[in-house]
There are 2 protein chains.
Amino acid sequence: MKNRLKVLRAERDWSQSDLADALDVSRQTINALETGKYDPSLPLAFKIARLFALPIEAIFEDTP
Amino acid sequence: MKNRLKVLRAERDWSQSDLADALDVSRQTINALETGKYDPSLPLAFKIARLFALPIEAIFEDTP
DNA sequence: GGGTAATGTCAAGTATCCTTGTCAAAAAGA
DNA sequence: TCTTTTTGACAAGGATACTTGACATTACCC
């Protein structure tokens with residue numbers, strides 16, 4: 001599943017650490033999400049969507 | 001995180017087994033989701049949303 | 001009442017998500 | 001160039017998601 005985290009983060013000029021802090025997860029988790037190592041849990045996906053004020057479907061793409 | 005699975009399923013008169021088959025997961029997984037044992041993974045949440053033709057936010061509620 | 005379908009639940013195992021800690025390489029700034 | 005920041009990556013461990021198999025309870029139908 002692809003995601004737009006890197007772009008959304010760049011638009012705000014945030015580092016991976018900044019985003020991790022805002023979401024209360026580790027920097028490694030953000031890095032793993034951005035580099036496609038795994039998908040977030042549903043609760044984390046909601047947190048991300050809320051932070052960026054976007055629907056989940058606007059951030060994560062449902063294609064393998 | 002609450003969800004509307006039971007209602008959506010009832011609207012279609014589906015058993016937990018029917019839904020499990022449609023989503024290609026075990027019946028126990030559906031039961032666990034409906035009884036609040038745990039939340040689905042993001043990929044499964046997308047599958048559920050696609051099946052019911054609804055946004056994820058219309059099925060899962062982002063409140064602990 | 002007896003039979004069958006549907007639901008709830010448990011246990012044990014595998015897979016996935018997320019953690020801390022660490023290191024190396026790339027990028028950015030002076 | 002030197003220094004700092006940022007990113008990518010790995011290992012080991014804990015937490016969560018999902019599996020199969022089994023069993024008990026409940027609901028429905030005859």
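Chain naming here is simple, since letters A, B, ... match the order of the sequence lines and numbering starts at 1 in each.
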Contact summary for A/A22 and A/L51, nearest pair of heavy atoms: CB-CD2, 3.9 Å

Set of residues satisfying side chain to side chain contact (heavy atoms under 4.5 Å, CB included) with respect to A/A58, sequence neighbours excluded: A/L54, A/P55

Under-4.0 Å side-chain N/O to phosphate OP1/OP2 contact, B/N31 with C/dG8: yes

Over all atoms of both residues, closest heavy-atom pair of A/A49 and A/I59: CA-CD1, 3.6 Å

Side chains of A/E57 and B/E57 in contact at under 4.5 Å (non-hydrogen atoms): yes

Side-chain donor or acceptor of A/D39 paired with backbone N/O of B/S41 under 3.5 Å: no

Partner residues of A/E34 under the side chain to side chain contact (heavy atoms under 4.5 Å, CB included) criterion, sequence neighbours left out: A/L5, A/K6, A/R9, A/Q16, A/I30

Nucleotides bounding contact with chain B, strand DNA chain D, heavy-atom threshold 4.0 Å: D/dA17 to D/dA22

Nearest-0.5 Å distance, CG of residue B/L42 to CE of residue A/M1: 4.5 Å

Axis bend over the full length of the helix from C/dG1-D/dC30 to C/dA30-D/dT1, computed from five pairs that close each end, to 10 degrees: 50°

Per-nucleotide protein contact string for nucleotides 14-30 of chain C (B base, S sugar-phosphate only, - none; heavy atom under 4.0 Å): ---SBBBBB--------

Ring pair (Phe, Tyr, Trp, His ring centres under 6.0 Å) pairs, two or more places apart, involving residues 14-63 of chain B: B/W14-B/F52

Flag, side chain of A/N31 to backbone of A/Q28, donor-acceptor distance under 3.5 Å: no

From B/L44 atom CG to B/L33 atom CG, the distance as rounded to the nearest 0.5 Å: 6.0 Å

